[in-house]
Each structure stands twice: as C-alpha cells, then as structure tokens.
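Comments concern the structure below.
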There are 2 protein chains.
Amino acid sequence: MRLTDHEFNRLTVLRHMRAAQPVSRTDLASLSGLTGGTITQIVRELVQRGMVMEQRVETGGRGRPRVNLSINPQGAYAVGATLTAEGPFLVDIIDLNGNCVSSTSTMLRGTQQLADLADQISGVLRDAIAASPVAHDAIAMVGIGLPAVLDNRTGTVLMLETFEPGPYPFADAIARQLGVPVRLDNSINLLARAMHWFDDGSDVDDFTLVVLDLGLGAACYQNGQLVIGSHGIEAELGHTKIVPENGRRCQCGALGCLQAYSAISGIVGQHCDAHGLAEPSYLVMRDAVAEMVQRARAGDIATQGIFRRAGHYLGIGLANHINMQDPDRILILSQHPEIVSLISEALLASLAQNVLPHLWDQAKLAFGKLDALSYSRGAAAMVLERLYQAREPLQQT
Amino acid sequence: MRLTDHEFNRLTVLRHMRAAQPVSRTDLASLSGLTGGTITQIVRELVQRGMVMEQRVETGGRGRPRVNLSINPQGAYAVGATLTAEGPFLVDIIDLNGNCVSSTSTMLRGTQQLADLADQISGVLRDAIAASPVAHDAIAMVGIGLPAVLDNRTGTVLMLETFEPGPYPFADAIARQLGVPVRLDNSINLLARAMHWFDDGSDVDDFTLVVLDLGLGAACYQNGQLVIGSHGIEAELGHTKIVPENGRRCQCGALGCLQAYSAISGIVGQHCDAHGLAEPSYLVMRDAVAEMVQRARAGDIATQGIFRRAGHYLGIGLANHINMQDPDRILILSQHPEIVSLISEALLASLAQNVLPHLWDQAKLAFGKLDALSYSRGAAAMVLERLYQAREPLQQT
DNA sequence: GTCAATTTTTTTATTTCCTAAAAATATTGA
DNA sequence: TCAATATTTTTAGGAAATAAAAAAATTGAC
C-alpha cells in the first residue's frame, strides 16, 4: 500500500522529530525539506492528538525563542507482545519513546489450535493491561510478534510450527476479544522495526538485520521500508544453502543450510555429531553452547574449529546477501556476545574474501546485543508507524 | 526519489493503458482505481503531448460509444544502445510500443579511456540517427546500457572492465555532444526494464530476471520498482558463493562463485580443466560451448555431468535468492536455449530440493530466449519511464 | 421521426494539502 | 523604548484529487 504524499510527510516529520528531539519547527522544516507552514500544520495536528509536546526554550540570543518539540511519551501506549521460541509469552507496555512501562512473562498452556492460542493470548493481554499502571483506553494498539509465517497486512497466521496449519485470522480474533486494534508480524521483522524506529537504524534507510540465536534469521530494510516478499515471509538467511554436497541436515529437512552450521542449534549440533551425543532440546541448547564457549576459551581445538567454521560460513551466507542486495549496513544481533566474539574473526575474514571488492566496507558491519525487550519495542514500533499514519485521535479519554 | 502522487498516477494510467490497449477512459478508471474526472485530465495531457491516440469505437450497444485509447507509437522515439560484452555497439531506434524502427551494429575502436569511448559512442549515435527514417528532433531521449558499475541516477560510470576507473560523467558527455538527453544503466537492469515495461512482466510487479550468458547476472523488481542497492549495482548472482571449500577460481578473484560453474564461461572452463586445455577467450567461448552441447547430446557422460552440475548449482544459487527474497516470478533468459534445456532438469530438481517448501512453486519459473534487441528495448523502456514522469512536451516540432 | 434509455465522458464544486510570501510574535541589546 | 532578529503563524494561491451533476453520443421502442 502506497502512502499518500501527506501521510509520507507526516511520517517524515515524526521520524526527524524522533531522531533529533527536542527540535524546533524551523529545524524540522530544514531537516524534512518541507516549508514552515506545512510543519506548523502537521505539528498542530500531532499536538492536538497528544502525540507531541511543546516546550519553551531560552536561547539567550536575539529573536523569538524557538519552541522545542518532542514526542510525548505519555501520549499513548502500545502493547508489544512476543511468543518466544522457547515458550514464554512476553507482554510489555511501551510508551511513545519506546520505553517500557510494564512487563510480564507468562507460560502458555500447550496447544495445537491457533484459536486456542489466540484465546490464551487475549486473556494474558487483558490481565497484563489491567495489572499495569496504564489505563485500558490509553492503549492505542497491540502489536504481536510470532515466529510464524503470516500476512502482516491482514493479521492472518499461515503457519506456526507445532500448530495446525492456517490460515487463521489471528489478529482479528484477539482484537475482537480485547476491544483494541491488533497488528501482527514475524518476530525478526519486529526486531528490524525496532532498530529502524528507535535505535541507530533510525537514520539508516537500507540495512539488514541478522539474528544469531537458536535459529538464524534476517530482515531487510530498503528505502526505509521493510522488504516483504510475495508471501510475507522474512528473509530466510538460515536456510540459504552453504554446503552443496553432503551438508548437515537442517530442521527444515534440506541439507547444507547455513543454520545447520552457524546458528546456535547448528553449533551445538556439530559438537554433538563429533562426540556421538544426541542433540539437546531447545530448552537446554543455551546451556550446551555456554559449555562449548568455556571449552573453546580453555583452548579446545576441535570446539574452536566449530566456532571458526560457524563464522566462516556465516560470512559466506552474508557475502552472498551483500553481493545480491548491497545493503548499506548490516547489524548482527545475538543474545550471546560471547558467541559472536568467538566467531567474528573468521566471519570478517570470510566476508573480506567473498564479498565483491566494490561492495565491501568493514564499516558496514556492526554487532549488537539482543535483549528480550527488543521484540516488544519492535511490536510497539509497528504500532506507532500505524498510529502515525492514521489521523484519528489516539484516545477516547 | 519518491514520485509525487500525480506522477505516480500518470505512470499507473500509462502502464494500464499499455497492458490493456486499446482501452476506454471508463475502463482505465476502474483498472487504476482513479475517478473518471482524473482520467480525463491525465489523458488530455497525454493526448496533447502526442503520446496517446484516440480512436472511435462502434460498440453496437446503447449509450455513448467509448473512445479507445492507445499508445501512439509515432509519438516519440527512443534510442536504445548497448555495449555488448563481446564488442559490437548496438543502436536501435524504438517507438513507444517497443518496436524497432532501425538498427545498427558498430565495432568500436579499442581504448581504455572512458572519455574516448563516450566520444566514439556519440559519433555512432549521431550517424545512426541520421541514417534512420526518424527525424533528429523526434528522438526524445537516448538510453545506453553498459556492462559496468554505474550510478543510473546521475549517469556516472564508476567501473567498466578494461577501462581506466571512473567516476566519469558518461551520460553528460554524450548528451552534450548529441544535444539529446541521455540516461545510463547496467545491461542486466535494462533487460529487466524491458520485461517489466513491454513483455509478460508488465503485469508482474515482483520478479527476478536471471541472465545465463558468458557471465551470470540478475536483476530484481519489487513493488514495481527495480531494486537498486546502495551502490547502484545489479544483483551479482554470478558471484554468490556456492562451493565453500576449494571451489573453482572466478574472474573476480574469489573461489567457488556460481559463475565459475553455471555461466557459459564456467561451463567451458570446467571442460578445459578436465582436458588440460587453456580457457578460450570470450570471442570463441560460444563456439566452445556449442561443441560441448554436441558432445553432451552424443552421450558424452563427462560433458553431461558438467551441464548437470551447472544446473544443480544454479538451482542452489537461485534457491538462496528465493529463500531470501521470495520473488513472485523468476525468468531465466539465455541466448542459447540448447544450454538451458541441458541444465533445466538438474536445475528444477535442485530448486525443489533447496527452496523452502512454502516458497516453492514451479509456476514461478519460466525460461526465455535472449535476443540482442532486448537490451535496446530495455534502454527504451528506461527512457519511456522517464518521459512519462516528465510533463514537458516530447518534441519541439 | 421522436424521445426515453443508456453509457461514456466532461465539467463543476469542493476538499485537501502544498508553497511562497507576508504578517505576527516574542525576545534581546543598544 | 525600539530596532534588530529569529521563530512561528497566517494568508493567498495553486495543484490535483473526488463526488456528483451535466453533457454528449448513441440505440431501440413506439
């Protein structure tokens, strides 16, 4: 869906305001390229809706003093929720600056019915909102992230592992029970949204986010927009093929997937292969890799080799992506910085070797720590983007 | 550069007109979602500019008869030119329907100076236009395709093999000498533009074009726009890495590139490796591969193996792309259908094996023949797109 | 033949939203 | 007190969309 010029301008103004806040109207005009009159008009609307605050400023110089504008964190709240791979369902209530006001984690009852899952989630959300200091009608929208194949425009879940296959109108089901609009997206897309909206990514319009966790996923922004393939699926970096012959078997059934070498599950899996152990379940995978980190640090050559290979192959996978797409920046996120530090040397060498010379610049690459809140912030970012596009007032209060 | 709403609407109307011509205003309104009044206004401008013709229609039914609209092929002409990998410089003059009016091929004098190349090209273009039945001032614009790294917004060449490195303002240099606006793009991007504007791709807004020739290239359309990375380089499918260890050396210097296995140069190269021959030059590469085709057809197991591997690896490379980007369609073009038919079985098997099940559908894939005119049609398409965005009259006649 | 019915196209009134320029506002320093 | 100055708002004007009314061009029934 193409935004109208006006929607686009409004979003531009808000994005500049977020990045530069507090900032005057005049500065916003020069940042955005719009005229002062237009800024006045757009800002007036945002102030009336309670999303933006004004604040006098004593400049000391001559002339009419500027009025600084900033996002009003209390202007509205978004609920960001995530179903994690390991089970707990996280609910955070986020203000307009991306700060968390309240946070809960709930273990859901096992089920294979998407309808049942939606029911449970509705209940958890209702409780979380009730228990929070935020009034129910100050919640503008709910954003939910799922590790699923889904259509984020309609909020329909197509495929969620261990559940009966969809399509199921997940967002609608929850919205009906909760009485608040609900938006849905894939977990990794949410992280990318969080980067783009709240973090360093906010001034970068073309970047790729790589998440090195139990699995390996990626999401791309291009021209300031999340790239969504024709099936609405995130970039499946983990299932690109790195080893063409006799590769390791991946959970997806294919052979030689990057994930089977460079994701945590792959790293642990290779270790188990070498020692004739059964691969541990997801629940203890993090413990297993922590032990491998110890070994590698203690000088275990074989284990070091596994990490080195993980870095080398991840470099190939990323190089392939860079050669195809030429993103401006790449950000690798992980919950486990110690893993990143063990693989980064091989990764950089592999990138330098495999990316086309014109396309390679080390400054492209950055590493970051993934924390549980990022998902919720992403869900909130998705909601904010939607809110800012809309023109209705936020609250009925 | 974001189009304004009006520009976008104008382009939308023209695209629908092209695809459905001849077509009435009313039908255009429902196709485009715009109101009749808007269509009247946009079409009036296009008719005044001479780009669209009206034609009465006897419907037989009741009511005011519809007036059919179609693109006026003689409304303007675009020059499409290409510097081919093997040397000849092709110049075609193309009408607004993409049909070729006049065609020349010239061998340029060898040089390493981009300025010299631009001079030669200017001369050839001037002669080609003079020799054609089209008046000089009916030429609205010149589009040139180069197998180069370049910035297509500014018409600057950054890197063209065997030439001194840029940046060099190639388009400006030619435009100054010729007195006609000039646009530049990468050759493979041009092919994608030709597909999107003139051919089957015109109703598909997300597709990937793969060109299997001496090298191996690709270009992607997403949301009806050519995807251009942050360096303006086309998707370097040929330099994605398929063999992670001890792969063949590629012209780019790296090891294990897809191009070293699945491009014609790679196919011939593997044959030479096996027989201890020196790799032939680009000029006789096509003869060499033709001989290999004969051998394979005659039952030579080793040669068949090379083609099979080419297909298998191309399948992996494409699967990686599909898993990352999820394009709606994939079109594989080649000048040599016989090569495609030798590799297609292995290619399809490899795709079926390596693409994630949700993303795979055989209908996605199509094969086509690449003819020399396609490049020029692409150059013309680039020019037309630009023309349609502009609002000045086409000609000074 | 005339005219009601019908379909297509154009016109008109209205709205939205931008820009440029003028006006208003709010402050400091001479 | 007011000139100077910087910021913001207002105003007038224009581009381009929509919805609805009007106009145009034809057929078929009587």
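Since the structure is predicted, the reported quantities are computational estimates derived from the model, not experimental observations. Chain letters run A, B, ... following the sequence lines, proteins first, then strands; residues in each count from 1.
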Measure the distance from [atom1] on [X] to [atom2] on [N] and round it to the nearest whole Å.
{"X": "B/E54", "N": "C/dT10", "atom1": "CD", "atom2": "C1'", "value": "12 Å"}
{"X": "A/R56", "N": "C/dT25", "atom1": "CZ", "atom2": "C1'", "value": "10 Å"}
{"X": "A/Q41", "N": "D/dT11", "atom1": "CD", "atom2": "C1'", "value": "12 Å"}
{"X": "B/I39", "N": "D/dA17", "atom1": "CD1", "atom2": "P", "value": "9 Å"}
{"X": "A/E7", "N": "D/dA17", "atom1": "CD", "atom2": "P", "value": "15 Å"}
{"X": "A/F8", "N": "C/dC18", "atom1": "CZ", "atom2": "P", "value": "12 Å"}
{"X": "A/N68", "N": "C/dT27", "atom1": "CG", "atom2": "C1'", "value": "16 Å"}
{"X": "A/L34", "N": "C/dA20", "atom1": "CG", "atom2": "P", "value": "11 Å"}

Worksheet item: Within the distance-only criterion (no hydrogens, no angle test), does the side chain of B/R18 pair as donor or acceptor with the backbone N or O of B/F198 below 3.5 angstrom?
Response: yes
Discussion item. Test your reading of the model: is there a side-chain donor-acceptor pair from B/Q55 to the backbone of B/S70, 3.5 Å cut-off?
Written reply: no
Response to the item:
With the side chain defined as heavy atoms from C-beta on, A/T40 is closest, among C/dT19, C/dT25, D/dT10, to D/dT10
Discussion item. Which nucleotide wins on minimum distance to the side chain of B/H6, given the candidates D/dA3, D/dA17, C/dT9?
Written reply: D/dA17
Check this one for me: any side-chain N or O of [X] less than 4.0 Å away from OP1 or OP2 of [N]?
{"X": "A/N9", "N": "C/dC17", "result": "no"}
{"X": "A/R66", "N": "D/dT7", "result": "yes"}
{"X": "A/T26", "N": "D/dT8", "result": "yes"}
{"X": "B/R64", "N": "D/dA23", "result": "no"}
{"X": "B/T38", "N": "D/dT18", "result": "yes"}

Worksheet item: Nearest nucleotide by nearest heavy atom, which residue falls closer to the 5' end of DNA chain D, B/G37 or B/G63?
Response: B/G37
Worksheet item: Want to settle it: does A/R44 or A/R62 sit nearer the 5' end of DNA chain D, counting the closest nucleotide to each?
Response: A/R62
Worksheet entry | Face-on cation placement of A/R10 at A/Y388 ring, 6.0 Å and 45° thresholds | no
Practice prompt. Could you list the residues that satisfy ring-ring contact (aromatic ring centres under 6.0 Å, His included) with B/Y77, not counting sequence neighbours?
Written response: none
Worksheet item: Any luck finding a side-chain donor-acceptor pair between A/D206 and A/Q325 under 3.5 Å?
Response: no
Worksheet item: B/S24 near the nucleic acid: base, sugar-phosphate alone, or nothing, with a heavy-atom cut-off under 4.0 Å?
Response: sugar-phosphate
